[in-house]
Amino acid sequence: MQGSIQLQLEFRLDQRVHFVGDPRRVGTVAFVGTLEGYSGTWIGVDWDDSNGKHDGSINGVRYFQAKSERSGSFVRAQNLSFGISLLQALELRYRGDSTKEEEDEMYVLSASDKRVSVQFVGKDLIKDKLSRFEELTSVSLSYMGVSSPGNPCQIGSVLPNVKQLDLTGNLLSDWKDISIICDQLQALVALILSNNLLSRDISGPVQLNHIRILVLNNTGITWMQVETLKHSLPTIEELHLMGNKMSTVTPESSSPMVQGFNLLRLLNLENNCIVEWSEILKLGQLRSLEQIQLNNNKLSRIFYPSFDELHKLFGDVESQGDCSPFRNLRNLFLGGNNIDDLASIDFLNSFPQLIDIRLSENPIADPMRGGIPRYVLIARLSKVQIINGSEVTPRERRDSEIRYVRMVMSKLDSNPEETLRLHPRFEELKRFYGIEDNRVSVGAGGPQKLASGLISITLNCVGASIGEKPPLTKKLPLTTTVGKLKMLCESFFKLKCMRLKLYLQEQDSPVPIPLEDDMASLMDLGVANGSNILVDEES
């Protein structure tokens, strides 16, 4: 009985622990006590990686509620560790000897497939340098089981010059402990706390005054907590909040939009659950913000509001000076969302400084899912210099915009008004490139009719059954249809009794675009001079 009471004193509910010998297997204590039908005291743990045995109940009796059906298990106390101090972890990481397991992993295979041990040249010199703590400027204690600062008076004297501290995947949860660490490390400017399940309770001041880069990925933090921390982060320049299941941005009650963060340049909200663009607009008044990372959220559209729309969304914003949102935003990463409308693409032109955009893995930017190809993105986005991480060169922009004009012209005859509405840059580009009417293009010899113009394309056979054939470059009329081009390919490459499939290989696009409509012309599809067409056999 006394042993059970002692264990309950050692282990407490909501305490962070890891499995002995495996600091990466981390969980939260959800139960301490006896189990019906089993002797002794057990610790119920809800594991972060959901690699448990049950949901907190056993033999029909519930002892705790785990977060998933198989994230909980019961463990004997001797198999759990509630961690070590930061300074203890420092000694282990930088002054401890390599374990036998680590040394066994350092080998190469000989010609006879035998293991030959590897000895690193200068290993002792490196180890000696790292063991001089007072000289360290960057310290990594990831997955070391750190649960507390230890003696706070010693931290600053042991690590006086540390500028970057990585505490990823430890057992830290109390903001008071984090405050103590930062208060003692006066040179610290970058702090990484990813994969620590941090407490929702932020009571009292948190000493983060000199932190410029703060990484809180997968910590369970909410935007309300971020607002609480804001006053402790006067110098913050980068804030990383990936993987926290955030769906809303909740400003302080005194303002409809987020204020403060006067030096914040980069905000990372990737891998969250944000659905509504109006939540992101609440960040529009952050005057220094240059980059927002929103990859892998659930956004289906974006828009740039007029003053009236902004007033309708957030009330009186006139008192906040120039209310145009995102005045200094240069980089906007939207990959892996659900954006599927052209209006969202066109709204990107309204951001005053935007030059770098990521839209990959959205339906609208994926031709395989009915989206638009890269050249159309370039043509519709007048100021963007980088798309999906690839620079838009002046030549690529020129070729894309001319190709886009050709493509739009091919659709004018069917429904001119609707076509012009869907392509707001068409008239501007038509004038810029000197295109005189709806069937005219500028060539080397001056204006010429598109319908009668020839373009040069390269045909490459890629089908295994076709065999190796050298690529051919041919000049063809823009009015050539896909069906006609297939017949020409049969003749050019002497292919008989084959059903061909053609693909357009876009510049900087990893996936070629299938040309499936036999009635569509090269002009309809925006095939430009110098395009590369892949010739394959239908499976």
Side-chain angles (χ1 to χ4, degrees), residues 366-368 370-379 387-388 390-411 433 435 439-539:
D366 183 357
M368 299 297 288
I372 57 179
R374 177 180 170 88
Y375 83 90
V376 176
L377 282 175
I378 292 171
I387 294 180
N388 296 333
S390 178
E391 181 185 2
V392 180
T393 64
R395 177 172 180 174
E396 186 185 12
R397 175 163 290 285
R398 179 185 180 280
D399 290 348
S400 296
E401 289 177 342
I402 291 175
R403 182 178 174 187
Y404 173 72
V405 170
R406 289 173 175 168
M407 183 270 291
V408 177
M409 281 182 168
S410 71
K411 301 177 183 296
Y433 289 107
I435 298 174
R439 303 300 284 177
V440 178
S441 175
V442 175
Q448 54 184 273
K449 289 191 175 181
L450 282 175
S452 60
L454 299 177
I455 60 168
S456 177
I457 64 172
T458 300
L459 302 166
N460 281 282
C461 289
V462 296
S465 58
I466 296 176
E468 284 194 26
K469 295 184 182 293
L472 292 177
T473 300
K474 295 289 184 180
K475 287 189 175 181
L476 298 173
L478 279 164
T479 52
T480 304
T481 64
V482 171
K484 176 66 174 177
L485 183 55
K486 288 179 180 178
M487 295 172 60
L488 290 172
C489 287
E490 291 177 8
S491 174
F492 293 153
F493 295 110
K494 297 181 172 54
L495 305 175
K496 295 181 179 180
C497 302
M498 281 191 180
R499 296 187 63 186
L500 299 182
K501 194 172 182 78
L502 304 182
Y503 297 85
L504 174 62
Q505 180 66 67
E506 287 280 295
Q507 183 179 358
D508 299 316
S509 175
V511 180
I513 302 168
L515 306 180
E516 296 178 322
D517 185 356
D518 282 357
M519 301 303 294
S521 70
L522 299 182
M523 182 191 301
D524 295 337
L525 299 167
V527 177
N529 197 51
S531 291
N532 190 28
I533 303 292
L534 307 182
V535 182
D536 197 0
E537 183 182 12
E538 278 196 11
S539 56

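The only member of Leu478, Leu476, Val482 that meets side-chain contact (heavy atoms from CB on, under 4.5 Å) when paired with Thr480 is Leu476.
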Apply the test side chain to side chain contact (heavy atoms under 4.5 Å, CB included) to residues Leu495 and Glu537: give CA-CA distance (whole Å), side-chain angles for both, the deciding distance (0.1 Å), then the verdict.
CA-CA 10 Å; Leu495 305 175; Glu537 183 182 12; over 6 Å; no
Would you please test Leu515 and Ile533 for side chain to side chain contact (heavy atoms under 4.5 Å, CB included) and show each step?
CA-CA 9 Å; Leu515 306 180; Ile533 303 292; 4.0 Å; yes
Under the side chain to side chain contact (heavy atoms under 4.5 Å, CB included) criterion, do Met498 and Glu538 qualify, and how do the steps go?
CA-CA 8 Å; Met498 281 191 180; Glu538 278 196 11; over 6 Å; no
Run the side chain to side chain contact (heavy atoms under 4.5 Å, CB included) check on Val462 and Val535 step by step: do they pass?
CA-CA 6 Å; Val462 296; Val535 182; 6.0 Å; no
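The two residues Leu454 and Pro477 make their nearest non-hydrogen contact at CD2-N, 3.5 Å. Taking both residues in full, the closest heavy atoms of Leu500 and Glu490 are given as CD1-CG, 3.9 Å, listed atom of the first, atom of the second, then distance. Arg397 and Tyr433 get closest at one heavy-atom pair: O-OH, 4.2 Å. Closest non-hydrogen pair, Pro512 versus Gln505, comes out as CB-OE1, 3.9 Å. Contact record, Phe493 with Pro470: CE2-O, 3.7 Å, taken as the closest heavy-atom pair. Of all non-hydrogen atoms in Pro367 and Pro373, the two that sit nearest each other are CG-CA, 3.8 Å.
Between Leu485 and Ile457, the closest side-chain pair of non-hydrogen atoms falls below 4.5 Å. With contacts defined as side-chain heavy-atom distances shorter than 4.5 Å, the pair Ser531/Leu504 qualifies.
Judged by distance alone, with hydrogens and angles left aside, the side-chain atoms of Arg374 form a donor-acceptor pair with the main-chain N or O of Ile387 at under 3.5 Å. Proximity of a side-chain donor or acceptor of Asn529 to a complementary backbone N or O of Ser456 within less than 3.5 Å is detected.
Residue-environment remark: NZ (Lys484) stays at or below the threshold of 12 foreign heavy atoms within 6.0 Å.
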